[in-house]
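Here the structure comes first, spelled out in structure tokens, and everything after it is commentary.
Here is the naming used below: chain letters follow the sequence lines, and residue numbers restart at 1 for every chain.
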Amino acid sequence: MTARDEVLARIRTALAADPPGSSAPPTGDAPAPSDAPAPGYRTRGELDPPALLDLLAERLIDYRSHVRRTGPAQVLDTVRAALAERGARRVVLPPGLDLPGLDQPGPGQVGTLDGVELITDGGLSAQELDQMDGVITRAAVAVAETGTIVLDAGPGQGRRALSLIPDYHLCLIDAEQVVALVPEAVARLRPDRPLTWISGPSATSDIELDRVEGVHGPRTLEVILISPAG
Amino acid sequence: MSERTFLGLPTAPRGVGHLRGAEPFPVAARRALADTQLRRNLGKATRTIRAKRAAVVGELPDWEELRDAGQAIKARTMAHLDRYLEQLEEQVTARGGVVHWARDANEANRIVVDLVRATGATEAVKVKSIVTDEIGLNDALAAAGITAHETDLAELIVQLGHDRPSHILVPAIHRNRAEIREIFLREMGDVDPGLTDSPAALAEAARTHLRRRFLSAKVGISGVNFAIAETGTLCVVESEGNGRMCLTLPDTLITVMGIEKILPSWEDLGVFMQLLPRSSTGERMNPYTTMWTGVTSGDGPQQFHLVLLDNGRTAALADQTGRQALHCIRCSACLNVCPVYERVGGHAYGSVYPGPIGAVLSPMLTGVEDNASLPYASSLCGACYDACPVKIDIPSLLVHLRARHVDEVAETHRVPSPEAVTMAAASWVMASPARYEAAQRAGRAGRLLGRGGRIRRLPPPLSAWTAARDAPAPPAQTFRAWWRDEHGDTQHGDTQHGDAQHGDTP
């Protein structure tokens, strides 16, 4: 008997004595009935969009992210200001960042912005990424209640290593990408994509429960929130 | 000794891994209690986490509803575990992963060793994973000439200190900053001798020490927090980014997962991604979570292996009452609220699963006989049940396992155990008021044994009780004698119902 068959047989033996009807039927047998009771926990937030953005900003800052708020027409200027303040010299971009006003270099190509070298990823090695001062990405969704941004490797986000190895991560979030609650984010995300949930810079509390920001992931996370209200 | 369990299902084998301590809990606990540094570290750490957890749990108006949902999802998962595992296997395989099944620790270790060997690598980077510690994977890899580098800061401290983890979430909770600095200076080799003991400096030293390893790693090894049957998605929750490094940069990723870690549906993450971080680190959300499904071209490891491990879990599943111990999501909230854990720490439990949940889970995986003292390592105060995000009724499970232990000993031994003799004697005495009163009178003689109101050592067979705890010295006067003195009723004061009005006699 293979290990697979044996483990499955053990499980069936273990469950065989369960009284019939003692458990809920397995999921996926049939579509959930339309009159199925809603879960008891919250699945929809109640905040209006401005309050939602305020909450996201508050929660990001609470977990040591830097936050800038701007309007759609000023995104590039805000990026410039952030990079200047950071003192970044070489910054990697994922393909398809779609930053209005920026003529993004093609994959593997180098451009400049205010003297900062911008390199679009075309398969840089881990060691090459380690030479970058920072990375600029977009995100797939943000969760206000927990101060979380989620990257799904979609356009403008790139492969996972990009937002991991450089020490500074600048992330652009559009207002319509913000949801209030974790279940709303889960509903928006696609499980067939590699997902990275980020809530603040990398941190550890392993030494006497003292929180230290910055271990292996980017030690600085900066978020630009984009909304018509600025 | 038999390893007989419910339905004859095998428990985790002896001689491999870290589910059994070298000595019983009371012996290990006595030594731990004498370590004042350990108690100071533990007291500070558990107080800090308790306060953080309470604050972030208090923010959610639907915390109890989330706990209910978590409990229901886990109960459903266990009831159809075979089906969900087959579904997971199908999804992972369809997305380019390879699924392996392991009956026990030895088989899982063999599978992982062979997989690493096949890559030609002699090193691997590891994400903190209790299940790989449960099966003793690092020892098996070392025996095969493969070095496993722990990359979680606390696991690194434990590994460099040639030590054992003592907490599910903060494995080096028993070490303070000065001890950690000494370990780094002694073991790291490449560390600046001017290293201070500030946590930031120590974290920086770990970053520098591991950076080169991450960037050149060929093989990553991880456990998993959740696996979604419906989609084949695996999920690892962490803080430092070492997890992302191990899950993203190597060419080959090998993930070991206990079969109970599965969740049926994608939407279940909406519940568990709220329950786990708030219960565990006391954060609204942990800094990093990685979710991946099979292999993604051009992003992350291009070879992915998932090892599904039994190692006593099906034996636990067969115990319909005990089964809920498998619902555990390893948040460690029960450790941090436990008055016993707070004083003795994790090492006293002997197993990689310490604290209240460990006192239940370890004996279920090994068979109660091999961890017989753990179900008694509790005052049954119930704080663990209140803190558990999936509402595992740990106090009831502890009592259930004590009963299982007494029954199993009675079945395997012709001579009844001290517990069985004591309980049978108590029942004989308490069945008759006259015998009960005589026993109480005799018990007053016990005052002669006591000092300062405590009896520290009783003669055998009652010494089994006082070996681990003091017994209160009996009062000078029994309740019944006091009642007679106060009410002057010598006629009926000792009737069965204590009711003189009816004048009935026993």
Side-chain angles (χ1 to χ4, degrees), chain A residues 2-4 6-8 10-15 17-18 22-24 26-28 39-43 59 63 126-127 130 143 145-148 153 159-161 164-165 182-183 186-187 191-210 212 214-217, chain B residues 7 9 45 48 62 65-66 68-69 75-76 79-83 101-103 107 153-154 170 172 176-177 180 199-200 202-203 207 215 230-231 233 239-242 244-245 248-249 264-267 269-270 273-274 284-293 296 298-300 310 314 317-318:
Chain A
T2 64
R4 175 187 191 277
E6 190 166 336
V7 172
L8 288 171
R10 288 177 185 175
I11 293 169
R12 286 168 191 140
T13 304
L15 296 175
D18 285 10
S22 64
S23 61
T27 43
Y41 58 87
R42 295 169 301 153
T43 53
R59 294 282 153 96
Y63 279 8
Q127 284 77 8
D130 200 31
V143 188
E145 195 172 80
T146 58
T148 303
R159 60 202 171 100
R160 286 172 285 170
L164 172 60
I165 298 177
V182 173
V186 170
D192 60 346
R193 290 177 172 279
L195 302 177
T196 305
W197 296 43
I198 299 171
S199 308
S202 98
T204 183
S205 300
D206 279 348
I207 300 170
E208 297 183 15
L209 272 295
D210 263 15
V212 175
V215 196
H216 304 294
Chain B
L7 309 173
L9 294 172
T48 307
D62 55 348
E65 287 78 7
L66 287 167
D68 287 338
R76 167 181 280 189
H80 308 286
L81 188 57
D82 51 337
R83 180 199 166 97
W101 298 70
R103 299 172 184 90
E107 191 164 25
L153 178 54
V170 202
N176 65 21
R177 61 184 71 191
I180 294 166
L202 295 168
R207 176 185 168 99
L215 298 184
E230 176 187 38
T231 61
T233 307
S239 296
E240 297 171 11
N242 64 307
R244 294 177 67 190
M245 292 278 180
T248 308
L249 298 184
S265 313
W266 175 248
E267 66 176 20
L269 282 174
M273 285 302 292
Q274 296 189 77
R284 295 186 192 102
M285 190 64 81
N286 52 291
Y288 295 136
T289 297
T290 298
M291 299 181 189
W292 75 100
T293 307
T296 304
D299 189 344
D310 181 350
T314 49
L317 188 69

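In this structure, CG in Asp82(B) is found 4.5 Å from CZ in Arg12(A), a value given to the nearest 0.5 Å. Taking CZ from Arg244(B) and CD1 from Ile198(A), the interatomic distance works out to 4.5 Å, rounded to the nearest 0.5 Å. Between atom OG1 of residue Thr296(B) and atom CG of residue Asp192(A) there is a gap of 8.5 Å, rounded to the nearest 0.5 Å. If you take CH2 on Trp197(A) and CG on Asn286(B), they are separated by 9.5 Å, rounding to the nearest 0.5 Å. Separating the OG1 atom in Thr13(A) from the CG atom in Leu9(B) is a distance of 5.5 Å, to the nearest 0.5 Å.
Counting heavy-atom pairs under 4.5 Å between each of Arg177(B), Glu267(B), Glu107(B) and chain A puts Arg177(B) at the top. Looking only at heavy-atom pairs under 4.5 Å with chain B, the residue among Thr43(A), Val212(A), Ile207(A) that has the most is Ile207(A). For the set Pro39(A), Ala17(A), Gly214(A), Ser205(A), the count of heavy-atom pairs under 4.5 angstrom toward chain B peaks at Ala17(A).
Heavy atoms only, all atoms of each residue included: Arg103(B) and Ala3(A) are closest at NH2-N, 3.3 Å. In terms of heavy-atom proximity, Gly40(A) sits nearest to Glu65(B) at O-CG, 3.4 Å. Taking both residues in full, the closest heavy atoms of Val186(A) and Trp266(B) are given as O-NE1, 2.8 Å, listed atom of the first, atom of the second, then distance. Between Asp206(A) and Leu153(B), the closest heavy-atom pair is OD2-CB, 3.6 Å. Taking both residues in full, the closest heavy atoms of His80(B) and Leu15(A) are given as N-CD1, 4.4 Å, listed atom of the first, atom of the second, then distance. Here the closest non-hydrogen pair linking Asp210(A) and Pro199(B) is OD2-CG, 3.7 Å.
With a 4.5 Å cut-off on non-hydrogen atoms, Ile180(B) touches chain A through its side chain but not through its backbone. Both the backbone and the side chain of Ser239(B) have a heavy atom closer than 4.5 Å to some heavy atom of chain A. Interface remark: Thr148(A) contributes side-chain atoms only to the contact with chain B (heavy atom separation under 4.5 Å). Using a 4.5 Å cut-off between heavy atoms, Thr2(A) contacts chain B through its backbone alone, with no side-chain atom that close. Contacts of Ala102(B) with chain A are made by backbone atoms alone, with heavy-atom separations under 4.5 Å and no side-chain atom involved. Within the 4.5 angstrom heavy-atom criterion, only side-chain atoms of Asp310(B), from C-beta onward, approach chain A. Interface remark: Glu6(A) contributes side-chain atoms only to the contact with chain B (heavy atom separation under 4.5 Å). Residue contact with chain A, scored on non-hydrogen atoms closer than 4.5 Å, involves the side chain of Leu249(B) exclusively. For chain A, the nearby part of Thr48(B) is the side chain; its heavy atoms alone come within less than 4.5 Å.
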Walk me through it: do Leu317(B) and Ile11(A) pass the test side chain to side chain contact (heavy atoms under 4.5 Å, CB included)?
CA-CA 7 Å; Leu317(B) 188 69; Ile11(A) 293 169; 3.8 Å; yes

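For Asp62(B) (side chain) and Arg42(A) (main-chain N/O), a donor-acceptor pair under 3.5 Å exists by modelled atom type. Looking at Asp299(B), its side chain does come within 3.5 Å of a backbone N or O of Arg160(A) through a donor-acceptor pair. Between the side chain of Thr293(B) and the backbone N or O of Pro191(A), at least one donor-acceptor pair lies under 3.5 Å. A donor-acceptor contact shorter than 3.5 Å links the side chain of Tyr288(B) to the backbone of Ser202(A).
In this structure, Thr146(A) and Met273(B) have side chains that are not in contact, with every pair of non-hydrogen atoms separated by 4.5 Å or more.
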